[in-house]
Amino acid sequence: MICLLVTVLPALRMGQRSESEPISSEEVRLEALLAEIAADASNQAVMAELYELIRVPVYSYALSLVKNPYDAEDILHDTLISIHDAASHYRADGKPMAWIITIAKNHGYGRLRRQKHVADIPEEMWDSYIEGNDEVSADDRILLDQCLNVLSATERQIVVMHAVAGMKHRQIAAVLELPLSTVLSKYNRALRKIRKNMQID
């Protein structure tokens with residue numbers, strides 16, 4: 001089950017975003033922050049702003065991969081450190097989130113290889129992560145818990161990268177090293193599964 005995936009509900013109700021959308025203002029800001037970090041890695045205010053922008057999508061992606069909140073937090077932390085150390089290697093191309101998620105993916109797979117385990121997320125952890133989010137009702141929490149559990153690991157990752165991180169399907173295909181057609185198919189299948197489970201028309 002993936003916490004912080006509250007954006008899945010409006011995404012299901014409104015449909016998927018267009019692949020031809022221009023780079024978002026958030027992605028523009030991410031690129032600017034990466035450039036600032038590359039120029040001056042000691043700027044703590046810039047790192048703090050970067051953290052706030054990537055915290056939800058990176059944590060959610062990591063959680064979709066390892067299914068353990070403690071490991072997901074570690075992956076988020078490791079990803080932030082790697083961004084700090086490697087910002088000068090990023091080449092601005094309008095896809096900063098794809099670059100960041102790739103770093104998180106590498107940390108996540110490394111952790112899975114080392115630990116070779118996947119744990120369920122305790123209900124109290126789910127409650128603590130959505131506490132204070134006015135957009136998530138108790139009913140929504142139950143629906144998300146049930147629906148996201150029906151997805152395969154790859155489907156969860158694709159949904160998180162698209163709905164939470166805002167990545168385009170082409171970017172997701174590159175990160176997961178899958179054909180674009182496979183990503184589109186799995187994404188649409190995941191939405192059908194969730195809609196069926198939630199009985200959304």
For residues 97-108, pull every pair meeting salt bridge (charged side-chain N to carboxylate O under 4.0 Å, His left out), keeping only residues two or more places apart or in separate chains.
none
Quick check for you: to the nearest 0.5 Å, what is the distance between [X] atom [atom1] and [Y] atom [atom2]?
X    : Y    : atom1 : atom2 : answer
Q157 : L151 : CD    : CG    : 11.0 Å
I158 : Y61  : CD1   : OH    : 10.0 Å
E73  : R55  : CD    : CZ    : 9.0 Å
L76  : I81  : CG    : CD1   : 10.0 Å
T102 : Q171 : OG1   : CD    : 9.5 Å
M161 : S60  : CE    : OG    : 12.0 Å

Restricting to non-hydrogen atoms, name the atom on [X] and the atom on [Y] that form the minimum distance, rounded to 0.1 Å.
X    : Y    : result
I75  : A104 : CG2-O, 3.7 Å
L50  : L80  : CD2-CD1, 4.0 Å
M167 : A98  : CE-CA, 3.7 Å

Enumerate the ring-ring contact (aromatic ring centres under 6.0 Å, His included) contacts for residues 71-97, please, sequence neighbours excluded, ordered by first and then second residue.
Y90-W99
Considering residues at least two apart in sequence or located in another chain, which fulfil the salt bridge (charged side-chain N to carboxylate O under 4.0 Å, His left out) criterion with [X]?
X    : answer
E26  : none
E155 : R189, K193
D74  : R111

Under a 4.5 Å cut-off applied to non-hydrogen side-chain atoms, are L30 and I100 in contact?
yes
Kindly indicate whether the side chain of E31, heavy atoms from C-beta on, has any atom under 4.5 Å from the side chain of D93.
yes
Run the side-chain donor-acceptor check on residues 172-184: report pairs under 3.5 Å with partners two or more places apart or on a different chain.
none

Out of the candidates I54, L33, N43, only one should pair with E49 under the side chain to side chain contact (heavy atoms under 4.5 Å, CB included) rule; please name it.
L33
